[in-house]
Chemist: 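A single structure is presented below for examination.
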Amino acid sequence: MSKHNFHDGLTLAEEAEKLGKRALDLGLISSFSLHLFPDCWQFSLPNGQGAELLTPEEAYLRFKKLVEQFEQSAKDLPKT
């Protein structure tokens with residue numbers, strides 16, 4: 001996952017969306033929503049008191065960290 005698949009703001013936001021969907025599929029987050037505005041994308045993650053709003057950059061880094069931690073812990077499990 002060290003290869004970056006984005007070249008500008010739009011492709012970064014698209015990669016953040018893909019990572020968010022992956023985190024959702026893995027059960028690492030309960031949900032997220034994506035708000036599309038003409039000039040920007042905004043990711044919304046639920047928390048105890050409402051929702052946390054993230055920029056595409058923040059969402060990318062958050063989702064990437066979650067997925068990488070999950071994949072690393074899966075590698076560390078003993079094989080039976």
Side-chain angles (χ1 to χ4, degrees):
M1 237 196 191
S2 61
K3 186 179 182 229
H4 300 293
N5 295 323
F6 53 87
H7 309 286
D8 57 22
L10 178 60
T11 54
L12 171 65
E14 290 169 345
E15 285 299 311
E17 181 182 14
K18 288 179 191 175
L19 281 170
K21 287 179 180 178
R22 176 125 169 86
L24 191 61
D25 290 342
L26 293 171
L28 304 174
I29 57 174
S30 60
S31 66
F32 78 95
S33 60
L34 183 56
H35 305 276
L36 302 174
F37 299 101
D39 59 341
C40 69
W41 291 25
Q42 192 173 56
F43 292 80
S44 178
L45 295 172
N47 63 25
Q49 291 104 12
E52 180 180 7
L53 299 176
L54 303 172
T55 65
E57 294 87 354
E58 293 168 330
Y60 176 84
L61 292 172
R62 172 87 53 93
F63 296 148
K64 182 175 184 235
K65 182 178 179 181
L66 286 171
V67 170
E68 285 179 345
Q69 286 176 342
F70 177 84
E71 290 173 346
Q72 184 60 43
S73 66
K75 286 180 186 177
D76 294 341
L77 289 175
K79 298 192 181 200
T80 56

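For this chain, numbers begin at 1 and follow the sequence in order. Hydrogens, waters and symmetry mates play no part in the numbers below; they use all other heavy atoms, side chains included.
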Chemist: Just jot down the salt bridge (charged side-chain N to carboxylate O under 4.0 Å, His left out) partners of E57, sequence neighbours excluded, or say none.
Modeler: none

Chemist: Who pairs with K18 by salt bridge (charged side-chain N to carboxylate O under 4.0 Å, His left out), at least two apart in sequence or on another chain?
Modeler: E15

Chemist: Start with the C-alpha gap between E58 and R62, add the side-chain angles, then the distance that decides, and say whether salt bridge (charged side-chain N to carboxylate O under 4.0 Å, His left out) holds.
Modeler: CA-CA 6 Å; E58 293 168 330; R62 172 87 53 93; over 6 Å; no

Chemist: I'd like to know if L12 and L36 are part of one continuous hydrophobic network [Ile/Leu/Val/Met/Phe/Trp/Tyr, side-chain heavy atoms within less than 4.5 Å].
Modeler: yes

Chemist: For residues 33-57, pull every pair meeting ring-ring contact (aromatic ring centres under 6.0 Å, His included), keeping only residues two or more places apart or in separate chains.
Modeler: none

Chemist: Nearest 0.5 Å, please: how far is CG in L28 from NZ in K65?
Modeler: 13.0 Å

Chemist: If you compare all heavy atoms of L45 against all heavy atoms of I29, which two are closest, and at what distance to 0.1 Å?
Modeler: CD2-CD1, 4.4 Å

Chemist: Locate the shortest heavy-atom distance separating A16 from P56; write the atom from each residue and the value.
Modeler: CB-O, 3.8 Å

Chemist: Sequence neighbours left out, what passes side-chain contact (heavy atoms from CB on, under 4.5 Å) with L61? Give chain and number order.
Modeler: none

Chemist: Are L10 and L34 grouped together when hydrophobic residues (ILVMFWY) are joined by side-chain heavy atoms under 4.5 angstrom apart?
Modeler: yes

Chemist: Quick one: list whatever passes side-chain contact (heavy atoms from CB on, under 4.5 Å) with Q49, sequence neighbours left out.
Modeler: N47

Chemist: If a pair satisfies salt bridge (charged side-chain N to carboxylate O under 4.0 Å, His left out) and one of its residues is in residues 25-48, list it, with sequence neighbours excluded.
Modeler: none

